[in-house]
> 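Quick one: the structure is below, questions incoming.
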Amino acid sequence: MSSYNMVKQEFIKKWITTLHILDCSVEHPLNVTERKNAIKLSSDIAMAAARSSSTVWSRALISRSGNKTANKPMARRVLKKARNRMKNRCLTLRRNGNFTAKSGVRRRTELLKRLVPGGELIENKDYLIRETLDYIVYLRAQVDVMRTVAAVDSVTGNLTNDNN
Amino acid sequence: MSNRRSRQSSRASRISDDQMIDLVGKLRQFLPEIRERRRSEKVSASKVLQETCNYIRNLHREVDNLSDRLSQLLDSVDEDSPEAAVIRSLLM
C-alpha cells in the first residue's frame, strides 16, 4: 500500500471515531448547518489526529478545534492529551511591530503562514516549508476521502436502479 | 549542511535557493502548473508561494463544500434506503 493510501486509511479510521464521539455529545436532531459544522469539525480533528502530534500544524489544528467543542465534554476528552502536548512545547513567537511586507516573497510567506495551522508560530523558513508540504498531503487525503463518501449517493443510486 | 546553517543565521528574510529548489521538487507532485515546466527552468519563489497559497485555499474551500454536501445528503436520505445504510455504517 502506498504511503498516501496509508494516510487516507488512517484518516478514515480517525474520522469514524471522531464522528461517533461528536454524535454522542450533541443534541439531536441537528439542523443542516449544525450537522455541517459537526462533519467539518470531526473531519479536521481526524486529519490532525491521523498525523499525531509530531507536526506543528496538527497540534495547532487540534488546539484550534478544541475551542469549538467547548460545550462537548466527550470531544474534549479526545483532544485533551493532544492539547497538553501543545502547551508543553515552547514555540518561539516573535512579532516585529514595525513589520511591513515589502517584497513579494515576504508578503506571500506571511500569507502562507496564516493558511497553515500554527504557521505563524514558525520562524524558520525551512521548517515552514516542511510543515506546509506535510499539511498539504493530509489536506489532500481529507478531501479525497470526503469526496468518495459524498459520491456514495450516486453509486448506490445505480445499484437500486439495477435491482428494479 | 553547515553552509545552509550559516546562511540561515544571517537572518535573511527571503527563502534561500536551496530551499526553493527543494520545495519546487516536492510540490511538483501536487501542483500541475509546476509539473509542466521543464526541470531546468527557473521558478520564482514568489510564484511558487502564490500557487501554494492558492492550492491550500482551494482545498479548504473543497472541504467546506463537501461538508455542506454530506450534511445535505444525510438530511435528504431515506431512513430505509441503501444509501442510508452505507452512510450510516460509515459515519454513524
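Side-chain atoms are counted along with the backbone in the values below, which use heavy atoms only and exclude waters and symmetry mates. We name chains A, B, ... by the order of the sequence lines, and we start the count at 1 in each one.
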> Check whether any side-chain heavy atom of A/Ile136 lies under 4.5 Å from a side-chain heavy atom of B/Thr52, and answer yes or no.
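Yes; the side chains approach each other to less than 4.5 Å.
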> Just so I know, are the side chains of B/Asp64 and A/Lys36 near enough to count as touching, which here means a heavy-atom distance under 4.5 Å?
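Heavy-atom side-chain distance check passes, below 4.5 Å.
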> Do B/Ile56 and A/Tyr4 sit in one hydrophobic cluster, given that two such residues count as connected whenever their side-chain heavy atoms are within less than 4.5 Å of each other, even indirectly?
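Looking at the clustering, A/Tyr4 is in the same group as B/Ile56.
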> Which distance, rounded to the nearest 0.5 Å, do you find between the CD of B/Gln50 and the CG of A/Leu112?
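Going from CD on B/Gln50 over to CG on A/Leu112, the span is 12.0 Å.
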> Where do A/Val143 and B/Leu66 come nearest, in terms of heavy atoms and distance?
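That would be O-CD1, 3.7 Å.
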> With heavy-atom distances below 4.5 Å as the criterion, would you say the side chains of A/Arg147 and B/Glu62 are in contact?
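Yes. Closest side-chain heavy atoms under 4.5 Å.
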> Test your reading of the model: is there a side-chain donor-acceptor pair from B/Ser67 to the backbone of A/Ile39, 3.5 Å cut-off?
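Checking the backbone N and O of A/Ile39 against the side chain of B/Ser67, no donor-acceptor pair under 3.5 Å is found.
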> Which pairs pass ring-ring contact (aromatic ring centres under 6.0 Å, His included) with one or both residues in residues 30-55 of chain A, sequence neighbours excluded?
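Checked against ring-ring contact (aromatic ring centres under 6.0 Å, His included) - neighbours excluded - no pair reaches residues 30-55 of chain A.
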> In terms of hydrophobic clustering (I, L, V, M, F, W, Y; side-chain heavy atoms under 4.5 Å; direct or indirect links), are A/Tyr127 and A/Val105 co-clustered?
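Linked within one cluster.
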> Taking all heavy atoms of B/His60 and all of A/Leu115, pick out the closest pair and write down the distance.
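Shortest heavy-atom separation between B/His60 and A/Leu115 comes out as CE1-O, 3.5 Å.
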> Can you name the side chain to side chain contact (heavy atoms under 4.5 Å, CB included) partners of A/Ala38, sequence neighbours left out?
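Checked A/Ala38 against side chain to side chain contact (heavy atoms under 4.5 Å, CB included); matches are A/Leu22.
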> Sub-3.5 Å donor-acceptor pair from the side chain of A/Arg35 to the main-chain atoms of B/Ser71, do we have one?
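Yes: the side chain of A/Arg35 pairs with the backbone of B/Ser71.
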> With rounding to the nearest 0.5 Å, note down the distance linking CG in A/Leu111 to CG in B/Leu49.
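A/Leu111 atom CG to B/Leu49 atom CG measures 9.0 Å (nearest 0.5 Å).
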> When rounded to the nearest 0.5 angstrom, what is the spacing between SG in B/Cys53 and CZ in A/Arg114?
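The distance works out to 9.5 Å.
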